[in-house]
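The structure appears below as structure tokens.
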Number of protein chains: 2
Amino acid sequence: MNKAEKKFREHLKREGLKSTPERMVILREVLSAKKHFNADELYESIHKHNKKVSRATVYRTIPLLVECGLIIETLRCQGRVSYERTFGFEHHDHMVCLGCGKIIEFKDDRLEELQTQICERYEFKQVEHRLGIRGYCKECVVKRLDKG
Amino acid sequence: MNKAEKKFREHLKREGLKSTPERMVILREVLSAKKHFNADELYESIHKHNKKVSRATVYRTIPLLVECGLIIETLRCQGRVSYERTFGFEHHDHMVCLGCGKIIEFKDDRLEELQTQICERYEFKQVEHRLGIRGYCKECVVKRLDKG
DNA sequence: TTGTGATTGATAGTCATTCTCAATAAAAAA
DNA sequence: TTTTTTATTGAGAATGACTATCAATCACAA
């Protein structure tokens, strides 16, 4: 049992919920998921490994993982909610290329500091923040120039 | 005919699209809309003024207004896309209170500058950016303390 | 072991949004 | 001014991501 599983089990117990095998399967899949994933991708990934967990169960488990702090909701892609792991990862932000859909992750301590100051200015107690920048990666900038 | 309408008409013409009365009605409503609105609110607002424009037309027109730079998509509220005017407004960002839903708008030039630098670092040509901070406003912080 | 209530699976339901298509209309061309 | 072209409309059907339902099962506390 790894740390993430332990964290999840404790969270479930604290909330008066049960640690079912399905929930553990989903967690395991999340821990090996690619960087950004949506509910459907997670469901399919589980099924690719011959684990039979219903789609509804996947959807139901996601908010539990979010509450537990193991994953967060991140950039929407094609209007769909997507998630990424937070367990063992540092907070970061994203640039999304409108051309090719590439996601560039970045972290800048100055940004973190500035956000903290801004929140203090408004006496706002921050829980989470997200910066999303949309535009064109360098490859697409070149491509768009070529196209005229 | 005001500047926004002129801008919209020119954009439509440039794109080989038509300036229909319905589109102008929708634009007028957008210009008098409250700060943040969703498609349904816009539709209802139009109907409150006895203007008969179909819901589908409202949905169809929104992306045109976005392309034209008159409105932008902004914070999602209850999973629904919401919009706000950009015409005649400065870019700003949002803090959303998880307690009461209040939206605090803010602008900080240091943030704008930093984002520009970050984009330069990655050679990313920025089209738009959004920072959303979620947490608790000072009233809700107090309320939550009271509750224990 | 028993009892309780959470959880599952699979499908029906929901709802914001988009699609369809015949009729209409904006605007360019004649 | 009239005709032509094609974009656009309205209204309801369709879509699809996500949630609700419910009988059966199961995790876990006693």
Side-chain angles (χ1 to χ4, degrees), chain A residues 1 5-6 8-30 36-47 49-68 71 73-83, chain B residues 1 5-6 8-30 36-47 49-68 71 73-83:
Chain A
M1 173 156 55
E5 189 173 326
K6 189 165 186 291
F8 194 34
R9 283 180 187 277
E10 283 170 358
H11 175 78
L12 291 172
K13 189 171 179 129
R14 203 181 306 129
E15 301 290 318
L17 304 177
K18 300 178 183 189
S19 299
T20 64
E22 290 82 4
R23 287 175 175 167
M24 295 306 133
V25 163
I26 291 166
L27 175 60
R28 217 164 290 129
E29 208 59 45
V30 160
H36 299 261
F37 59 90
N38 61 45
D40 217 50
E41 281 170 340
L42 183 56
Y43 172 74
E44 275 165 12
S45 170
I46 287 164
H47 279 253
H49 295 152
N50 290 306
K51 301 290 168 69
K52 306 300 176 184
V53 175
S54 84
R55 196 185 294 270
T57 299
V58 173
Y59 271 104
R60 278 187 292 232
T61 304
I62 286 174
L64 299 179
L65 294 170
V66 171
E67 278 164 34
C68 182
I71 64 175
E73 196 179 304
T74 183
L75 283 172
R76 277 189 182 245
C77 205
Q78 320 274 49
R80 302 190 66 170
V81 187
S82 70
Y83 301 94
Chain B
M1 174 156 57
E5 188 173 327
K6 190 166 186 292
F8 193 35
R9 285 181 186 275
E10 282 170 356
H11 176 78
L12 291 172
K13 188 169 181 133
R14 203 182 305 127
E15 299 290 321
L17 304 177
K18 299 179 184 189
S19 300
T20 64
E22 290 83 3
R23 287 176 175 168
M24 296 305 132
V25 163
I26 291 165
L27 174 61
R28 217 162 292 128
E29 208 59 44
V30 160
H36 299 262
F37 60 90
N38 61 45
D40 217 51
E41 282 170 339
L42 183 56
Y43 172 74
E44 276 165 11
S45 168
I46 288 164
H47 280 255
H49 295 152
N50 290 305
K51 301 291 169 67
K52 306 300 176 184
V53 174
S54 83
R55 196 185 293 273
T57 298
V58 172
Y59 272 104
R60 277 187 292 234
T61 304
I62 287 175
L64 298 179
L65 293 170
V66 171
E67 277 164 34
C68 182
I71 65 175
E73 197 179 302
T74 183
L75 285 172
R76 278 191 182 244
C77 205
Q78 321 274 49
R80 302 191 66 170
V81 187
S82 70
Y83 300 94

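Here the structure is a predicted model, which means the values were calculated and not measured. Chain letters run A, B, ... following the sequence lines, proteins first, then strands; residues in each count from 1. All values below were derived from every heavy atom in this structure, side-chain atoms included, with hydrogens, water molecules and symmetry-related copies excluded.
One atom, CZ of A:Arg55, and another, P of D:dC18, lie 10 Å apart when rounded to the nearest Å. Atom CD1 of A:Ile62 is separated from atom P of D:dT19 by 9 Å (rounded to the nearest Å). A:Leu12 places its CG atom 12 Å from the P atom of D:dA29, with the value rounded to the nearest Å. To the nearest angstrom, P of C:dT17 lies 14 Å from OH of B:Tyr43. Rounded to whole Å, the distance from CD1 on A:Ile26 to C1' on C:dG9 is 12 Å. Distance, A:Glu41 CD to D:dC18 C1': 16 Å, rounded to whole Å. The distance from atom CD1 of B:Ile46 to atom C1' of D:dA11 is 16 Å, rounded to the nearest whole Å. We find that CE of B:Met24 is positioned 17 Å from P of D:dA7, with the value rounded to whole Å.
Comparing C:dT8, D:dC18, C:dA16 against the side chain of A:Arg60 picks out C:dT8 as the nearest.
The shortest side-chain heavy-atom distance between A:Leu42 and A:Glu29 falls under the 4.5 Å cut-off.
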Protein and nucleotides 26-30 of chain C: nitrogen or oxygen contacts under 3.5 angstrom:
unit_1, atom_1, unit_2, atom_2, d
C:dA26, N3, B:Lys18, NZ, 2.8
C:dA27, OP1, B:Ser19, N, 3.1

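In this structure, A:Val53 and A:Tyr43 approach most closely via the heavy-atom pair O-CE1, 3.3 Å.
Summarising the geometry, atom NE2 belonging to B:His11 is positioned 7.0 Å from atom CG belonging to B:Leu17; distances are rounded to the nearest 0.5 Å. For the atom pair CD of A:Glu22 and OG1 of A:Thr61, the computed distance is 8.5 Å after rounding to the nearest 0.5 Å. Going from atom CG of A:Leu65 over to atom CZ of A:Arg23 covers 9.5 Å, rounded to the nearest 0.5 Å.
At a threshold of 4.0 angstrom between heavy atoms, the contacts of A:Arg23 are confined to the sugar-phosphate backbone, with no base atom among them.
B:Tyr59 has no side-chain polar atom (N or O) that falls below the 4.0 Å cut-off from OP1 or OP2 of C:dT18. In this structure, A:Arg80 reaches the D:dC18 phosphate: one of its side-chain N or O atoms is under 4.0 Å from OP1 or OP2.
Between B:Gly16 and B:Thr57, the one whose closest nucleotide on DNA chain D sits nearer the 5' end is B:Gly16. For B:Val81 and A:Val53, each mapped to the nucleotide of DNA chain C holding its nearest heavy atom, the one lying further toward the 5' end belongs to A:Val53.
Counted within 6.0 Å of NZ on A:Lys52, heavy atoms from surrounding residues, nucleotides or ligands total more than 12; the atom is thus considered enclosed.
Of the possible polar contacts, one joining the A:Glu41 side chain to the A:Asn38 backbone as a donor-acceptor pair under 3.5 Å is found.
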